[in-house]
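The structure appears below as structure tokens.
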Amino acid sequence: MSSLLRLATAGSVDDGKSTLVGRLLYDTKSVLADQLDAVTRASVDRGLSTPDLSLLVDGLRSEREQGITIDVAYRYFATPKRTFVLADTPGHVQYTRNTVTGASTAQLAILLVDARKGVIEQTRRHAAVLALLGVPRLVLAVNKIDLVDYDEETFTVIAKEFTDHATTLGYAEGSVLAIPVSALVGDNVVERSAHTPWYSGPTLLEHLETVPVAPDPHDVAFRFPVQYVIRPRTPEHPDYRGYAGQVAAGTVRRGDEVVVLPAGLRTTVERIDTADGELEEAAAGKSVTLLLADDLDISRGDVIAAAGEAPVPTDELGATLAWLSEKPLRPGARVLVKHGTRTVQAFVEELSTRFDEQKLSTVESPETLQLNEIGQVRIRTAEPLPVDDYAVNRRTGSFLVIDAGDGTTLAAGLVGAPLPVLRSDRDVVSPGP
């Protein structure tokens, strides 16, 4: 079992995501005394008699004033069994782009619904985004169960509707768990609730501590986007040539044979430098400087990859886009594609399909992709890019689409990533997370 779990929360506005996260932090004693004092004072200022635990997460002043989450808030906490990195994402439709950001590295997502409202449009939209991003496990937290008098039938109906929807999106049996909770009073969050004797499953924290998770990025082939070429040319280091960056995936060891892409030049790793000295190996997430055995022409944007498992650079990307801009996408649009540390000019050759996450169907050859819509495209880039399929490597199988005029982010792109297709009510084809 992994000692680290990356998770994200999602759900509609006012479903209680921040309160649930605050409850997790509070009940696992992951809150410092001064943080709790600040939250208590802020709660009193708002006329509350008890601390509003959502304020432990809603750190921006504008968020506290509006009582909503605007940005992605990252929190770190731990129990004796596991360490957690949690991304609390916004619920508003216009902030779906932030949900994409928060869930992009998640191994599990907690999707909240209000027990009084059940599965709504935004619930289905978030489930589709999570499936598209390949988040392998979902927890449906049926929150505010206390406001429906802990009714078992209400919970059962909501859980079945969502599980059926998730199955249609490609989630396998056992990868989705529904839990009745009350974030406000703590039912089934950390402690088991006496109000739900009909529920025999784990509490939320018990599940988070024991659920098997997908392999970390260091278990896949080595990828290293070059961020900066270091050449001091000083009397102490006259011939030093190092390639700085962060290991995006896999592990590199001294002596490994590597290939530099897109040129395809082969060499070996002679040394791995850090600010704290040399290393024998470096895994995903580690920032290092690589020194190679041969003096090659390498620049920012190149990718150093494992020689035996290197991708083939291509200038044509078949990909799925989560469109994040109010400016619609139309075929023929000229854009920039940012993959790793390389940004190249590109244009959208074809808009193949648009996915309707509410009806679980596709629209062929749509005229546009609008804000928060998901679709498949074919993009031609001015230079070949060493991309991986997103299903194989989430780090190097993803990219950003950028407006060439003002530099704003237009879309998150996933190489490959086929969409689920509903042929009929009983004939569903989907890729699975």
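The structure displayed is predicted, hence computed values, not measured ones.
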Counting heavy atoms not belonging to [X], are there more than 12 under 6.0 Å from its [atom1]?
X: Glu367; atom1: CD; answer: no
X: Glu309; atom1: CD; answer: no
X: Glu173; atom1: CD; answer: no
X: Glu191; atom1: CD; answer: no

Sequence neighbours excluded - salt bridge (charged side-chain N to carboxylate O under 4.0 Å, His left out) pairs with any residue from residues 369-384: Asp315-Arg380, Glu316-Arg378, Glu316-Arg380, Arg342-Glu383, Glu349-Arg378, Glu349-Arg380, Glu350-Arg378, Arg354-Glu373
Residue pairs passing the salt bridge (charged side-chain N to carboxylate O under 4.0 Å, His left out) test where at least one lies in residues 398-412, sequence neighbours excluded: Lys327-Asp403
When rounded to the nearest 0.5 angstrom, what is the spacing between [atom1] in [X] and [atom2] in [Y]?
X: Phe155; Y: Ile179; atom1: CZ; atom2: CD1; result: 8.0 Å
X: Thr19; Y: Leu24; atom1: OG1; atom2: CG; result: 11.5 Å
X: Ile145; Y: Leu184; atom1: CD1; atom2: CG; result: 14.0 Å
X: Lys117; Y: Gln122; atom1: NZ; atom2: CD; result: 11.5 Å
X: Arg223; Y: Ile304; atom1: CZ; atom2: CD1; result: 12.0 Å
X: Ile272; Y: Leu290; atom1: CD1; atom2: CG; result: 6.0 Å

Derivation and outcome, side chain to side chain contact (heavy atoms under 4.5 Å, CB included), residues Lys286 and Leu279: CA-CA 11 Å; Lys286 187 72 174 177; Leu279 298 177; 3.8 Å; yes
Chi angles and distances behind the side chain to side chain donor-acceptor pair (under 3.5 Å) call for Asp187, Thr196: CA-CA 8 Å; Asp187 291 301; Thr196 56; over 6 Å; no
For the side chain of [X] and the backbone of [Y], is there at least one donor-acceptor N/O pair under 3.5 Å apart?
X: Thr168; Y: Asp164; result: yes
X: His339; Y: Phe399; result: no
X: Thr123; Y: Ile120; result: yes
X: Asp149; Y: Asp151; result: no
X: Asn188; Y: Ser193; result: yes

Would you say that [X] contacts [Y] through its side chain, given a criterion of any heavy-atom pair below 4.5 Å between the two side chains?
X: Phe222; Y: Asp256; result: no
X: Leu140; Y: Val142; result: yes
X: Val415; Y: Asp388; result: no
X: Val190; Y: Arg23; result: no
X: Trp323; Y: Thr368; result: no
X: Ser365; Y: Leu351; result: no
X: Leu20; Y: Leu204; result: yes
X: Leu86; Y: Leu25; result: no

Residues that Phe84 engages under ring pair (Phe, Tyr, Trp, His ring centres under 6.0 Å), provided they are two or more places apart: Phe77
Ring pair (Phe, Tyr, Trp, His ring centres under 6.0 Å) against Phe162, all qualifying residues, sequence neighbours excluded: none
Of Leu410, Val344, Leu400, the residue whose pairing with Val335 passes side chain to side chain contact (heavy atoms under 4.5 Å, CB included): Leu410
Working for side chain to side chain contact (heavy atoms under 4.5 Å, CB included), residues Arg124 and Val119: CA-CA 7 Å; Arg124 290 187 286 270; Val119 176; 3.8 Å; yes
Could you report the tightest heavy-atom contact between [X] and [Y], atom names first, then the distance?
X: Ala284; Y: Ala248; result: CB-O, 4.1 Å
X: Asp146; Y: Ser182; result: OD1-OG, 3.1 Å
X: Thr210; Y: Arg82; result: N-NH1, 4.1 Å
X: Val247; Y: Ala283; result: CB-O, 3.5 Å
X: Leu371; Y: Glu326; result: CD2-CG, 4.0 Å
X: Val135; Y: Arg394; result: CG2-NH2, 4.3 Å

Trace of the side chain to side chain contact (heavy atoms under 4.5 Å, CB included) decision for Asn372 with Gln370: CA-CA 6 Å; Asn372 293 327; Gln370 302 284 343; over 6 Å; no
Full working for side chain to side chain contact (heavy atoms under 4.5 Å, CB included) between Val392 and Val220: CA-CA 8 Å; Val392 175; Val220 297; 5.8 Å; no
side-chain contact (heavy atoms from CB on, under 4.5 Å) partners for Glu206, two or more places apart: Arg192, Pro202, Thr203
Residues which pass side-chain contact (heavy atoms from CB on, under 4.5 Å) with Arg116, listed by chain and number, not counting sequence neighbours: Asp114, Lys144, Leu147, Val148
